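We use all heavy atoms of the structure for the numbers below, so side chains are in, but hydrogens, waters and symmetry mates are not. As the structure is a prediction and not an experimental result, all values here were calculated from the model. The chains referred to below are lettered A, B, ... by the order of the sequence lines, with proteins before strands, and numbering in each begins at 1.
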Amino acid sequence: MSGHSTYQPKSGAMKWLERRLPIASLVHSSFVAYPTPRNLNYWWTFGGILSFMLGVQIVTGVVLAMHYTPHVDLAFKSVEGIMRDVNYGWLLRYLHANGAAMFFLAVYIHIFRGMYYGSYKEPREVLWILGVIIYLLMMATGFMGYVLPWGQMSFWAATVITNLFSAIPLVGDTIVTWLWGGYAVGNPTLNRFYSLHYLLPFVIAGVVVLHVWALHVAGQNNPAGIEPKTDKDTVPFTPYATVKDAFFVACFCVLFAWFVFYIPNYLGHADNYIPANPAQTPAEIVPEWYYLPFYAILRSIPNKLLGVTALFSSILILAFLPWLDTSKVRSARYRPLYRQFFWLFVISAIGLGYLGSKPPEGIYVILSRILTLYYFAYFIIVLPLLGFFEKTKPLPHSIAESVLKEGVPLGASAPSSRAKA
Amino acid sequence: MTTVSSADHTRRDFLYVATGAVGAVGAAAVLVPLISQMNPDASTIAAGAPIQVDLSPIADGQIIKVFWRSKPVFIFHRTKHDIELAQKVDVNSLPDPVPDSERVQKGHEQWLVVIGICTHLGCIPLPHQGEFDGWFCPCHGSQYDSAGRIRKGPAPKNLYLPPYKFVSDTKIQIG
Amino acid sequence: MTRTLSALIVAAALAVPTVAAAQEQQMTPPRQNWSFSGPFGTYDQAQLQRGFKIYKEVCSNCHSMELLSFRNLAEPGGPGFTEAQVKALAAEYKIQDLDDKGQPTERPGRPADHFPSPFPNAAAAAAANGVAPPDMSTLAKARTYTRGFPWFIFDIFTQYQEQGPDYIVAILNGYKNPPKDFSLPAGGHYNEYFPGHNIAMPQPLQDGQVTFDDGAPNSLHEEAKDVAAFLMWASEPHLVQRKRIGFQVMIFLIVLSGLLYFTKKKVWKAVELHPEKLEQKA
């Protein structure tokens, strides 16, 4: 996928294969010789972590599917059967449930990293949009997976989320009935969600291949936000990036294992250990934490259609980011103003997440509205205007130079120091 | 690349080998739950507990089918004629030579208890059919006699005997 | 940015009264000491056996526990009954089955059987009790209370996962006479810790109600703790194994991370200019 194809097959068998299917040289050029900027910090390991988590989810998911029964009368029982009777079933299920949360945690860090360093800018627009598509697919997959245990939260999340589509004028109700396959969420809904929940991860894997392809065509962005000019600016992917990724994947696994083994139900919701009861809505309906910011945006707007529109816009607007940001400078390191607005954006996203978990009343609604306003203003007003008004700092001439200089003055503000926190 | 001393080299090599080895141990440990989960789960094992069967309603010459561990088990109340036929055969001429006395329990010769799965490829043979006063497997034509022994056809072995014991003269426990 | 931040802090401070008001409705259940809390937690076998006795003599009259089987009582990490005890116990129960002729019949229970439910179905349970008593199989994980900010963040580090049993103990101890200004609907019972205070279940346990074979104290509080511990085990039967394996995994991952860290340092050392060194300092 990249220019540096220096692979020379050594054995006869590899030469034979190379002439027929050059897979070894493809792997070599993409994951061995592939030049990666030498100044990447640990925030860049989250791509590797995400690939790892996708693998974990697919493996544990395929295994869980061997024991799960997608039927309204049996889904809850079969999940409990996994927890109680299947050999290591509890481990596999907790890995899968908490793995989803870790997957989202990693993807959020990955997205914020891309935003901080301007990784979406020319020539990486397609790379970025593919990322947004992966994120959307992840949200759909995560949601449908949450429905499968058929607990109270599963059932009512399915009801509430599918009802979002009823906001569409004229055809809304028809679409919702079509999604359900009935007059309410029921067995057909569960079955199709199961089918799609199994399918979508492989679609994600496919888009990930495109994402990596686009990445290897454009090359990685880096903390300096300037393109590598000479070989001095890069190091080969293997062993440099590989071992660095491996180290941080292992660190990430410590966090993952902490949740799986010690607080496996921390991120879940107690109500989902009550079997689904279509006759009774739980006192509080809250989505999984990774959807909370969008849930807060939805609830901050009192009009149904506008709320749903805002919800979907808040995600889709990410796809337009490469064109909304008018600045020529990529990295926030050289954009003092942008940096402040960026961190405010992070705070507002986290704040929306907190507000999404709170009842929609009093001060929470007001705060949600303020943060929702900032969320959209960041994309529609701040980013387009900043490009014209911001006085950026001078860029280094090369990555190698930035690396040498950085250690003293700029390093203090580089997020690499926070990577281990 | 900077040059490194040979002492540095061995230390580095050791580090690489150690890291690789620990990683490999981890990968192997991950395989344990992934493989183990496909074995029968605790409820399946518990459901495979021994069962008791009352023999008193089984008429002379009747064959009944019960299930133990999801497998059919034939219980054959053999008539005198059936027993004689089974005992008369020249054991050495059989494909799987076992005398009738080893197919039943002493003092309970009228009761034959066999797992009802053809030893060829797992079909259930039909009772009271075939040329040997026993079973005939419709799948590939294996024929068993009144002691459940293979007499003709592609099956290599006699019908297997489940573990069972007589709780009383009219009651057995299978498993 | 500082200004905006302080604005946010002010806003958060404004939010506090609302939170306090919301919490007044449901009193926070007091934290109990549990043998199964923390990274090395295990179940106390004697406590689980006592809890089971309470379940059997009291709870099971109205509550089902349909996901559990008798055999579970003998499985490792649980109350530690012997196989023979479980067999004898199971035989005390009558299990609905079909006879050889397909007619409904009752037979003595076997270890593989599930605990029989006191009512044939949810509708019958509701008809007899006003509200269907919830199934107890996952009850300890299905009950919780709001932790609020910032405690929910501390819980990640302190591994507090015992909200369910704490809540159950609080409910069992929470029956009081209603305050004068509280109008209790007919058929309701006043409970300090129940959201809304109006609970359908009459006080199920009294001081000294269940006598334990091991002579353990049987005040209401002790009984409540024992049955809550038992319900936690019923919800999470593999907790002990989970925490034990978890510790091994943690040790392994920390060793692996350490080795990878040094490997990474070695590998990067070979690069001219030592850029990574500078990154590390940053």
Side-chain angles (χ1 to χ4, degrees), chain A residues 33 38 48 52-53 55-69 74 77-99 231-232 234-236 238-240 242-254 256-257 260-261 264, chain B residues 1-52 66-73 115 117 121-123 162-163 173-175:
Chain A
R38 71 179 347 149
F52 172 77
M53 287 313 301
V56 168
Q57 290 304 89
I58 288 179
V59 169
T60 53
V62 165
V63 164
L64 287 170
M66 297 179 188
H67 304 282
Y68 172 75
T69 312
L74 297 170
K77 278 187 187 155
S78 68
V79 170
E80 278 299 316
I82 290 169
M83 293 294 291
R84 292 162 192 274
D85 291 335
V86 173
N87 303 311
Y88 295 101
W90 59 269
L91 174 60
L92 296 161
R93 181 184 171 233
Y94 279 152
L95 279 171
H96 197 69
N98 286 285
D231 279 353
K232 262 191 188 169
T234 61
V235 288
T238 301
Y240 297 100
T242 334
V243 68
K244 196 170 172 177
D245 282 0
F247 165 57
F248 225 58
V249 166
C251 292
F252 192 77
C253 282
V254 173
F256 186 17
V260 168
F261 291 105
Chain B
M1 296 278 162
T2 49
T3 48
V4 278
S5 71
S6 62
D8 207 22
H9 236 304
T10 42
R11 192 148 30 98
R12 196 169 74 181
D13 289 348
F14 172 73
L15 184 63
Y16 293 167
V17 170
T19 310
V22 171
V25 168
V30 165
L31 288 180
V32 172
L34 290 179
I35 292 168
S36 172
Q37 54 86 19
M38 277 171 69
N39 270 322
D41 70 21
S43 65
T44 308
I45 291 168
I51 57 160
Q52 294 198 340
V66 295
F67 274 85
W68 172 68
R69 294 201 168 165
S70 315
K71 285 178 180 154
V73 173
I115 291 179
I117 293 177
L121 290 169
C123 298
Q173 175 170 310
I174 303 173

Sub-4.5 Å heavy-atom contacts with chain A: which residues of residues 35-48 of chain B show up?
Ser36(B), Gln37(B), Met38(B), Asn39(B), Pro40(B), Asp41(B), Ala42(B), Ser43(B)
Partner chain B: residue of Thr60(A), Val86(A), Val59(A) with the largest heavy-atom pair count (under 4.5 Å):
Val86(A)
Nearest heavy-atom contact between Pro33(B) and Leu92(A) is O-CD1, 4.4 Å
